[in-house]
Visitor: 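The structure is given below, and queries will be raised subsequently.
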Amino acid sequence: MPDTASEARNRLIRRVVLDTCIAAAVVIGMGVMRGVYSNELMLFNFVVFLALAQGLNIIYGFTGYLPFGYVGFYGAGAYGFSLVVMHLHVPAMVGMAAAAGAALVLAVILLPLLRLSGAYFAIASMAAAQAVYEIVANPDLENITKGPYGVSLSDVFAPAFSYYTALAILAGTLLLVVWLRNSRFGMSLQAIRDDSVSAAMAGVSVVRGRTIAWLLSALVAGLVGGVFAWHISVFYPDTAFDLSVSIFSTVFLLFGGATTLCGPLLGVFILYGIYNVIGIAVPQYFQFTYGALIVLLVLFLPNGLVSLLTSRGIRVP
Amino acid sequence: MLTGAIVAGVVFGLYYTLVGLGLNLVFGVMRIVNLAHGDFLMLGGIAAWWLFSSFGLHPLVSALLVIVVFVLVGLPVYYLVVPRLLRSRDSEMLSLILFFGLSQMIEAVTTIGLGATERSLPPRLLGVGPMILLGTRLPKAWIFSAAASGIAVLLVYLYLYRTRLGTLTRAVMVSRDEALATGIDVNFVSAVAFGISIALAGVAGVFAPFILGSITPNMGVAINITAFAVIVVGTLGNPLGTLLGGIIYGVSLMLMQTYLSSWANLLPNLLLIAVLLVRPEGILGRKVRRA
Amino acid sequence: MRSKALALGLLCIAAAAGPANAQPAAPTEIKIGALYASSGPYASISMPVFDGFKLWVDQVNASGGAEVKAFGKKIPIKLIAYDDQSSTATAATLYNQLITQDHVDLLVADSGSVLTSVGVPIAKEHKQFLFDVSGTGAAFFTDDNPYIALMADPVSTIWPHYISDYLADEGAKQGIKTVAILYSTNDFTGTQAAALKGFFERDGKVKVVYYQGVPTSTSNYTVLINNIAALNPDAVLELGYVGNDIAFLRNLQDSGSQFRFVFTIYAGTEKEEIEKNVGISAMTNIFSYVPASNYEYTPNFGMNLTEFHDAWLKKYPVGSNVAFGANAVYGYMAGLVIDRTLASTKSLDQMDIHDAVFGLSGQLKTLDSTFVLRKDGAQIGEVTPLGQLQPAGGKEELDLVAVYPPDLAKGKAVLGK
Amino acid sequence: MSPDPLLNVEGLVKRFGGFRALDGVSFHLNPGEVLGLVGPNGSGKTTCINVICGLYAADGGSVTYDGRSIIGKKSHRLVKAGINRTFQSPRPFLSLTVRENIEVAAHYGDPRPGFDIDALLALLELDRYAQRPAAELYSAQQKTLDLARAMATEPRLLLVDELAAGLNPAELSRMADRLRVLADGGMALLVVEHLMGFIDKVTDRVVVMAAGKEFFGGTLADATRDPEVIRVFLGGGHHG
């Protein structure tokens with residue numbers, strides 16, 4: 001059956017509506033949960049990882065770059081927020097702007113890393129995140145960052161407000177992914193990922209596309225880091241630059257399936273759900289189970305859960 | 001202070017050559033990054049500790065035993081995981097994730113079995129007190145470890161350039177596909193290289209208590225970052241370049257400790273990024289940049 | 001006004017419903033929530049604390065439960081403990097879990113500052129009193145937060161003053177003029193280093209000729225020791241975690257450098273573990289703090305050190321992978337404070353618990369010395385005498401001998417040549 | 001010869017390390033003309049295309065397109081200016097559908113407003129697969145998709161790199177017809193090819209290259225009679 005432009009347009013509209021509904025359901029669901037379930041921090045962590053996995057999806061799913069040091073932007077956001085709030089005594093929302101700014105500045109500084117391929121990029125970005133951590137946590141900078149002694153932001157502590165801000169960030173991130181999945185720009189990013197030379201031959205500016213995706217991805221992590229700092233209000237640099245933030249986000253993303261909207265959502269809900277249930281009950285075997293899961297996943301389901309459907313030709317939102 | 005730092009750096013760096021050597025061999029032959037390398041190193045250290053505390057075995061004897069056992073462990077690990085991994089679309093990237101998973105498993109098993117406390121071997125086993133090298137006082141254990149590293153580099157060189165299997169290994173390093181096409185048993189060659197790599201990590205682990213103070217189940221990640229920095233600086237995929245990488249790392253670390261000590265941990269990270277950006281092919285190597 | 005009226009109304013209903021002077025019905029168990037780290041970087045300090053705490057719980061339950069004054073009877077303790085695996089994100093969730101889902105009566109923090117830190121604002125937010133075992137971070141203790149008290153470890157700035165007092169007093173008399181301070185850049189050791197530097201500068205007797213921070217992950221000190229040796233200081237203070245001290249002491253011995261006075265924190269505090277890793281000879285005559293696990297205080301409550309050590313060995317025989325040391329004492333000590341708190345609190349209301357804990361201040365003497373709280377909750381009673389690892393009668397053994405201050409000293413310090 | 005050629009290559013040099021892949025190639029190409037680029041393996045034909053389309057930076061010489069130098073211009077800019085290419089082994093966007101492959105090019109390649117994707121798909125007989133992922137196509141179909149992707153940017157100069165390899169005779173003949181139609185519509189084509197029958201059918205003129213230099217220009221018929229050309233092809237040990 002030939003496929004015509006009008007059919008394509010109708011299909012696109014249906015997809016956008018469906019995707020947006022899924023995004024809305026997740027955001028509203030997480031909002032309602034706060035009224036139902038009282039362990040707010042667990043819910044908050046869910047929101048954090050939902051947003052981070054999607055933020056990572058923007059750069060990995062759509063361009064194929066996997067930054068192991070994704071936590072660097074998260075940490076930059078957390079400290080961007082904390083520094084302006086501590087030193088300038090501004091309201092939290094100004095702090096959020098600073099969080100976004102800090103992550104973007106770091107992303108711009110790290111732009112040259114995009115020249116590297118695959119594993120080199122992954123490792124270099126991890127080294128970059130570590131380097132930022134070493135700088136932030138250095139006692140020589142105690143007057144500015146509090147060095148290794150940690151940050152306390154009790155002035156702006158506001159659990160409810162910060163929770164809903166995190167939800168808003170999640171909503172924005174999900175809409176961003178919906179847009180990428182259904183827009184020409186998102187398509188061009190996938191084209192770059194599939195074959196950057198061909199993409200250039202389709203008139204796509206490879207450098208521009210990658211740069212925008214990189215900045216968007218960093219922006220998400222920075223905002224999430226900022227709202228994390230706000231919500232938790234007392235933390236050490238080890239917390240803000242904890243490598244397991246990167247690792248969890250990556251595993252969730254890969255488990256569900258990158259480039260889709262549902263994949264990372266499934267990954268977080270299933271794996272982080274298991275983590276919180278089993279992790280609490282039988283912790284000593286959890287790390288092992290998690291490690292084994294990763295190994296099996298890479299070997300037997302490298303494109304994630306959604307590939308069970310997509311490999312049968314079924315489109316997953 | 002300057003000469004002291006440089007001399008100590010060279011000797012210390014030689015140990016890091018041993019740490020990175022196996023990682024680089026695996027990358028060269030299989031184009032995969034073994035993020036569990038540091039954990040195999042940790043297991044080597046645990047093995048030496050166990051052999052000493054249970055049977056009173058001297059670490060130098062343990063080192064030989066570790067080589068044999070770890071090669072034998074490496075072979076099945078290779079066959080279980082790597083061939084399937086190499087068939088995937090982006091094996092280089094997926095290897096990072098897969099071996100990270102393996103690293104988590106090893107750390108978990110070790111923690112469950114042995115607890116999280118520090119373990120070490122008595123320093124006297126490798127001789128107490130300093131040795132004077134070019135006017136610099138260095139621990140005897142450092143000299144031993146550097147010597148072991150030197151021997152390891154020599155043996156790897158002899159293996160690669162003086163044995164038939166080594167020649168085949170180099171052929172696989174140049175092009176896996178062409179080697180396959182010429183009828184080389186690529187999997188066997190790679191499995192041996194993997195086994196050797198694990199054994200090298202194990203030997204580095206045996207000396208770790210003397211260089212790094214102690215062994216803990218969670219030490220792997222930090223070792224990996226440093227080892228990766230060392231092999232990137234010294235040219236990825238070229239095991240002998242690791243010699244240079246280790247020495248550069250060791251000397252710059254000691255200089256940092258001398259003149260800017262609290263910033264010393266920045267070093268491997270900055271070195272890694274700088275080399276990747278300025279000369280991604282490493283000091284000796286070929287291009288790896290994306291078009 | 002309205003809430004008062006409401007409370008009054010509720011009281012009336014309660015009064016009408018039950019016998020006139022009845023307490024609220026006694027719970028069948030007292031729920032205590034605690035966190036520990038079985039893996040990751042903090043496992044080696046967290047597990048002994050947790051095991052020490054469990055020892056107390058088991059003992060209490062074996063005797064039929066804890067005496068709870070509010071209900072006038074013994075009530076068994078139910079310990080709800082989760083493993084945060086050294087992750088602060090997980091720890092934060094779990095603190096919340098304990099408070100909001102498990103509704104624990106008493107909340108005990110994981111050991112160390114990093115894993116305690118995330119619990120502090122959560123406890124404050126939920127108005128749940130936090131029994132902070134050994135999280136000494138200065139930022140935790142503020143006058144506007146009544147929901148925290150430090151149990152066992154004194155705040156970092158208190159620890160080191162006997163070192164500087166000794167050096168300025170006895171040391172200066174014996175010709176110690178210069179000191180080098182090498183510290184690991186983390187909250188715990190960094191604050192101690194800064195405090196020490198301040199003390200030396202204030203006293204003006206001993207000059208600080210070297211003051212450097214190194215990353216906490218530093219695992220070799222050879223070049224640093226050579227650099228320090230080049231300045232030829234009389235005293236060297238290395239302030240780091242267990243792994244740092246092991247590496248430092250090994251490298252110090254290997255380097256052959258000699259200093260008249262060498263101090264590390266864990267040579268004494270985790271003597272058994274350090275001994276296993278560096279050997280006797282590298283530790284001989286090293287100065288250290290004398291932790292409660294090496295000093296026989298006379299308790300007015302709970303076991304004394306010998307009894308505790310025996311109980312520990314019975315529960316965790318040699319080879320069970322848990323090291324006995326100061327952290328084990330801290331865990332048990334936290335249990336003792338809770339024990340006395342339950343025995344004196346008016347109710348399980350968290351502010352009443354606060355009052356009960358603070359009521360113990362200055363009264364409670366345990367195997368960890370006297371429990372004294374500053375009004376913001378910081379621990380200032382526990383003291384850490386300066387000790388020295390001196391050869392015991394037999395050759396292959398070291399004793400950690402308290403040498404300063406004079407009123408706690410059990411022996412005399414021996415300075416190197 | 002037409003007074004102003006669309007493409008003018010003059011003394012083009014490209015080095016890889018010490019190896020001179022292009023060692024001063026010169027030729028020109030007029031609108032509506034099909035120029036065949038022939039020569040033994042390693043003579044620099046594909047390198048030549050890669051330099052013209054901006055994939056490699058030239059180390060010397062000049063390339064003018066439409067009267068302006070295009071040395072150092074980025075690929076996607078050249079695409080918008082009207083230069084496109086196909087690849088020896090097809091390089092479609094494997095995870096996108098056939099239609100999406102074209103949509104990307106039609107969106108970013110700046111064709112005239114109202115460019116009809118459906119018509120292009122129908123023309124190249126790809127309409128039946130429009131919703132299938134490109135990864136599921138056969139090699140010949142992927143090559144057609146490659147061509148479609150290039151055509152969606154409405155190029156004025158099309159560089160065709162070994163399109164014929166791997167096609168069966170029927171597909172080959174259809175491809176040749178398509179290229180002729182494009183040329184007749186005014187497009188300039190530079191065709192790198194080994195199959196002489198295909199070259200004969202498609203090209204107006206050939207340039208023969210060896211060792212990074214051109215040494216013959218004219219019709220294919222003339223070329224096959226040129227002793228130098230015969231020596232290069234037969235004596236070089238490589239046979240096209």
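In what follows, chains are A, B, ... by sequence order, proteins preceding strands, each numbered from 1.
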Visitor: Over 60° means perpendicular and under 30° means parallel, so classify the ring planes of C:Tyr241 and C:Phe188, tilted if in between.
Guide: parallel
Visitor: With chain C, which of B:Leu212, B:Val7, B:Ile211, B:Leu121 has the greatest number of heavy-atom pairs at distances under 4.5 Å?
Guide: B:Leu212
Visitor: Any idea how C:Phe308 and C:Phe324 line up, ring-wise: parallel (<30°), tilted (30 to 60°), or perpendicular (>60°)?
Guide: tilted
Visitor: Is it the side chain or the backbone of B:Phe12 that comes within 4.5 Å of chain C heavy atoms, both, or neither?
Guide: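 Just its side chain gets close to chain C.
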Visitor: Output the option from C:Val242, C:Asp245, C:Thr222 having the highest count of non-hydrogen pairs under 4.5 Å with chain B.
Guide: C:Thr222
Visitor: Given 3.5 Å as the limit, does a donor-acceptor pair link the side chain of C:Ser293 with the main chain of C:Ala326, or not?
Guide: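 Yes, C:Ser293 side chain to C:Ala326 backbone: donor-acceptor pair under 3.5 Å.
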Visitor: So, are C:Asp58 and C:Lys315 salt-bridged, with charged N and O less than 4.0 Å apart?
Guide: yes
Visitor: Heavy-atom cut-off 4.5 Å, strictly under: side chain, backbone, both or neither for B:Trp142 against chain C?
Guide: side chain
Visitor: Hey, would you say the C:Phe53 and C:Tyr330 ring centroids sit under 6.0 Å apart?
Guide: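 C:Phe53 vs C:Tyr330: aromatic centres not under 6.0 Å.
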Visitor: When only pairs under 4.5 Å are counted, which of C:Asn244, C:Val278, C:Ile225, C:Leu224 shares the most heavy-atom pairs with chain B?
Guide: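 Top option by heavy-atom pairs under 4.5 Å: C:Leu224.
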Visitor: Is there any residue in residues 13-24 of chain B with a non-hydrogen atom under 4.5 Å from a non-hydrogen atom of chain C, and which ones are they?
Guide: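 Expected list: none.
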Visitor: Below 4.5 Å from any heavy atom of chain B, which atoms of C:Thr218 appear? Answer side chain, backbone, both or neither.
Guide: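 Contact with chain B involves the side chain of C:Thr218 alone.
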Visitor: Under 4.0 Å between a Lys/Arg side-chain N and an Asp/Glu carboxylate O for C:Lys276 and C:Glu272?
Guide: no
Visitor: To the closest 0.5 Å, what do you measure between OH (C:Tyr210) and CD1 (C:Ile228)?
Guide: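 Answer for the OH-CD1 pair, C:Tyr210 versus C:Ile228, is 4.5 Å.
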Visitor: Assess the pair C:Phe50 and C:Tyr36: is the distance between their ring centroids shorter than 6.0 Å?
Guide: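 Yes; C:Tyr36 has its ring centre under 6.0 Å from that of C:Phe50.
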Visitor: State whether a side-chain donor-acceptor pair under 3.5 Å links C:Thr90 with C:Asp84.
Guide: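 Short answer, no.
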Visitor: Is it the side chain or the backbone of C:Val214 that comes within 4.5 Å of chain B heavy atoms, both, or neither?
Guide: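 The answer is both parts of C:Val214.
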